Every structure is written in C-alpha cells, then in structure tokens.
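Structure record follows, encoded as structure tokens.
All values derive from a computational prediction rather than experimental measurement.
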Amino acid sequence: MSTLLAGNPFLIGDERRLAHRGEIRRELAKITVVKERLAVLRDIVSKLNADSDAAAESHSAAASLLQSELDALDAAQIETVLAGRATPTEAISRRRQILDQLAELNRNLETVCEGNRRAAQPVEKQIDDLRMQTTNEGAFRNRLVTLASREAQQKLMLNGLRLLAADSVRKELQRLIDIHEKNVVISRKNRNGDDILIHQTKLADCEAVAGLNAAEITALHVESARLQDEARAE
C-alpha cells in the first residue's frame, strides 16, 4: 500500500497529519493534470474515429450512386441480349469506368480508416497508461477525510448516526405500512367499515411520515457529502 494511504491518523501527531494531507493533495493535483491530458487525448481519438465515420459515409453515398448506375447498365444490357443485339461499346466502357471508380473509392476508404487507426493506436496506449495513474484518486480523497480534524470527524460521526437512526425509522415505518395494508385488505373482506377507516387512516399516516423520513434521509446524505467536502478542504 502507498505510504500516503497508510498510517493510522490516531497514532500520528497533528503536524504530521497536516503534512500527510499536503502530500495527498499534491498527488491529487497530479491526478488532476493527468485527467486533463486524458481529456485531450480522448478528444484526439474521438476526432480520428469521427473522420473515419465521415469517410465511410462519403464512400457509401458515392458508391451508392455508382452502383445504381451500374445496375441500370446491367438491366439495359439484359434487354440488349434478349433482343439479340451486341452490347454498345459505350456501355462496356462505362461499366469499366464505374468498376474502376468503385475500386478507387474502396482503396481511399481503406487508406483513410487504416491511417486513422494507426494514428489512434499510440494515443490509446497513452490513455491506458495514464488512466492507471488515476486509480488511487478515490482512495486519496477518502484518506483526506480520514485525516481531517477531530472536529470534522465528530460532525461526520454525528451525521452518520443520524442516518442510522433515520434508516431504522424507515424500516419500522415500512413494517407498519405492510401491517396496515394487510389489515385494510382483511377489513374489506370482513366488510367492517369502522376497521377499514381505522386502518386506512393509520396507513395514510404511516405513508405521510415515511415521506418525511425519506426527505430527512436525502437531506442527511446531502449533508454527509457536504461535510466530506469540507473535511477534504481543510
């Protein structure tokens, strides 16, 4: 494990903790620079692929026109053969021209695509190599939180406990909702109007509270993210 990711924050002094955070920030800065270079390299590969796609579309359009003309010449020649006449020299010459043009189109497309493929290969290799240098980003960011001040840690702990409590409430509310839903069904089968009203009311109350609980959990997750960002930024 990297020494930047190792070390118990409870066993190191505050001076060393801050120095360790500085080292991690430097590593994260390096990753930021690498990611910026990666974005440029990916854009280069994207443009090379787009050029190949454009060449393929252009080839398809030009080849389609030539193929249509070739099909028309073949159809005309069929009629000529059926009529017992010789194929006109102009038709034979034009067929040859079309086939040559199709072959040239294929060669040009292959040249463009192969050239772009060759150009993309070393760039993609760089992308793979650089991507490996970013794999510790999440671990580094988490380590900054771990090495935050005790005050920040306490805030995170309190928020985490509130999340646990809210999640326990969520589970209990779901249990009550399930019970009241079943009781509503049973009351309807028994055609007991009072019981139906009672359980429908309790069910509605539980569902309303569940909505408030869900909003609280969402807010606590948002607060957790904010506190973590705050801890990293110390």
When you check the gap from the basic side-chain N to the acidic O, do E114 and R117 get nearer than 4.0 Å?
-> yes
Do E79 and R85 meet the salt-bridge criterion of a basic N to acidic O distance under 4.0 Å?
-> no
Can a donor-acceptor pair be found between the side chains of Q67 and D71 at a distance below 3.5 Å?
-> yes
Basic-acidic side-chain contact under 4.0 Å: D14, R17 = yes
D129 and K125 ion-paired at < 4.0 Å | yes
Please determine, by modelled atom types, if H59 and N106 share a side-chain donor-acceptor pair under 3.5 angstrom.
-> yes
Could you tell me whether the side chains of Q153 and R150 share a donor-acceptor contact shorter than 3.5 Å?
-> no
Side-chain donor-acceptor pair present, R95, Q77, cut-off under 3.5 Å = yes
Where the side chain of S58 meets the backbone of A54, is there a donor-acceptor pair that is under 3.5 Å apart?
-> no
Short N-O contact, R226 and D229, less than 4.0 angstrom = no
So, are R162 and E216 salt-bridged, with charged N and O less than 4.0 Å apart?
-> no
N-O pairing of R175 and D178 below 4.0 Å | no
Can you tell me if S187 uses its side chain to pair, donor with acceptor, with the backbone of N183 under 3.5 Å?
-> yes
